[in-house]
Amino acid sequence: MSDKIAVYPGSYDPLTNGHIDIIERGLKIFDRITVAALKNPSKTYLLSLDERLEIIRETFAQNNRIEVDYFEGLLVDYLNKRKITTVVRGLRAISDFDIEFQMALINRSIAPQIETIFFVPSVAYSFLSSKLVKEIYLLGGEIKQMVPDIVDKKLKQKFKQESLSISQI
Ligand code: PNS
């Protein structure tokens, strides 16, 4: 039987322990997961695509069931190109539901073969988002227990080098 593969798409600006939790849950069901970071030239990211990918690669370097990739344009086009029909997403709270429901149905309306599977994260991460992580580091706080070490280092370095305001993250 062939491997069960899913794509876990996202911005990963930056990867958090909440994403890692979803990936670990996904690996209970799927043989392999492709973590695919979006490259959107019209969006401002704190971390460059290379930085986002490097963080994900380093975090999962020891796990040969995780592939790291990026995509540009429509997710369904990327899935079709890769011949993968399953998308994994995390559902943290009721507030996620609306947008996730829309995304899943839009993707299905463009490409009916695509199924989206939602995983519920650990309660410890159910309030966590990349945006909040950036805001906390920008304001001089740290939440080491919520991000991989490499992200902690990278964000401290980033905010030391560049004087950014909240509107820029
Ligand atoms: O981590 P995020 O920002 O919640 O991830 C959102 C993402 C990247 C999964 C979503 O914006 C996406 O798939 N964008 C690609 C463009 C696309 O396919 N749009 C139509 C469906 S929403």
Side-chain angles (χ1 to χ4, degrees), residues 5-27 29-30 32-60 66-122 124-138 143 146-148 150-151 154-155 158 164 166-169:
I5 307 173
V7 167
Y8 181 27
S11 301
Y12 302 110
D13 186 36
L15 180 79
T16 69
N17 287 351
H19 294 122
I20 297 173
D21 181 76
I22 295 297
I23 291 165
E24 284 168 356
R25 290 174 198 283
L27 286 178
I29 310 280
F30 296 98
R32 286 188 287 137
I33 292 182
T34 296
V35 182
L38 177 65
K39 177 184 177 190
N40 181 351
S42 55
K43 192 173 160 186
T44 310
Y45 296 95
L46 172 67
L47 303 176
S48 68
L49 179 67
D50 283 345
E51 287 173 317
R52 290 182 282 140
L53 292 174
E54 185 200 337
I55 287 168
I56 308 169
R57 280 199 191 103
E58 189 164 311
T59 304
F60 295 104
I66 302 291
E67 181 200 26
V68 183
D69 198 2
Y70 73 92
F71 71 104
E72 204 174 345
L74 286 178
L75 175 62
V76 294
D77 287 343
Y78 172 72
L79 293 164
N80 288 341
K81 194 177 78 189
R82 296 292 315 272
K83 297 190 183 352
I84 298 173
T85 54
T86 311
V87 176
V88 159
R89 291 284 289 171
L91 210 49
R92 284 166 301 192
I94 297 169
S95 52
D96 275 348
F97 182 79
D98 201 27
I99 182 69
E100 294 298 335
F101 191 66
Q102 280 180 39
M103 286 200 294
L105 287 179
I106 284 179
N107 287 337
R108 184 190 284 164
S109 67
I110 316 173
Q113 76 281 10
I114 306 295
E115 292 296 345
T116 304
I117 307 235
F118 294 102
F119 287 89
V120 175
S122 155
Y125 304 129
S126 53
F127 60 90
L128 183 64
S129 70
S130 297
K131 189 169 187 300
L132 279 181
V133 165
K134 285 182 281 193
E135 191 170 316
I136 286 164
Y137 277 83
L138 168 71
I143 39 171
M146 294 290 163
V147 291
I150 181 175
V151 170
K154 182 59 111 186
L155 293 191
K158 200 92 190 170
L164 296 160
I166 284 187
S167 63
Q168 290 168 282
I169 61 166

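Just follow the structure's listing: the first ligand is 1, and inside any ligand the first atom is 1. Computed from a prediction, not measured in an experiment: that's the story for all the values here. The residues of the chain are indexed from 1 along the displayed sequence.
We find that D77 and K81 are not joined by a salt bridge, their nearest charged nitrogen and carboxylate oxygen being 4.0 Å or further apart. In summary, K154 and E51 engage in a salt bridge, as defined by a charged side-chain N under 4.0 Å from a carboxylate O. Salt bridge absent: D13 and K43 never bring a charged side-chain N and a carboxylate O closer than 4.0 Å.
Protein heavy atom nearest atom 19 (N) of ligand 1, with residue, atom name and distance: L74 CD2, 3.9 Å. Protein heavy atom at the shortest distance from atom 15 (C) of ligand 1 is G73 O, 3.5 Å. Shortest contact from atom 14 (N) of ligand 1 to any protein heavy atom: L38 CD2, 3.9 Å. Among all non-hydrogen protein atoms, the one lying nearest atom 10 (C) of ligand 1 is M103 SD, 3.8 Å. Of the protein's heavy atoms, R89 NH2, 2.9 Å lies nearest to atom 4 (O) of ligand 1.
For R82, the CZ atom counts as densely surrounded, since its 6.0 Å shell holds more than 12 non-hydrogen atoms of other residues, nucleotides or ligands. Few gaps surround CZ on R25; more than 12 heavy atoms of other groups in view lie less than 6.0 Å from it.
The nearest non-hydrogen atom to atom 18 (O) of ligand 1, considering only V76, L75, I106, V87, comes from L75.
Of all the heavy atoms in P14 and L155, the pair that sits closest is CG-CD1, 4.2 Å.
Close contacts of ligand 1 with F71, meaning ligand atoms under 4.0 Å from a residue heavy atom, involve 15 (C). Interface of N107 with ligand 1, defined as ligand atoms under 4.0 Å from a residue heavy atom, comprises 21 (C).
Using a non-hydrogen distance threshold of 4.0 Å, S130 does not register as a contact of ligand 1.
Annotation: S11 places an N or O atom under 3.5 Å from an N or O atom of ligand 1; distance criterion only.
Neither the backbone nor the side chain of Q102 has any atom closer than 4.0 Å to an atom of ligand 1 (non-hydrogen atoms only).
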Side-chain polar contacts of residues 83-90 - donor-acceptor pairs under 3.5 angstrom, sequence neighbours left out - could you list them?
from, atom 1, to, atom 2, distance (Å)
R89, NE, E100, OE1, 3.0
R89, NE, E100, OE2, 3.4
R89, NH1, P9, O, 2.9
R89, NH2, E100, OE2, 2.7

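Under a cutoff of 6.0 Å and an axis angle of 45°, R52 and Y45 form a cation-pi pair.
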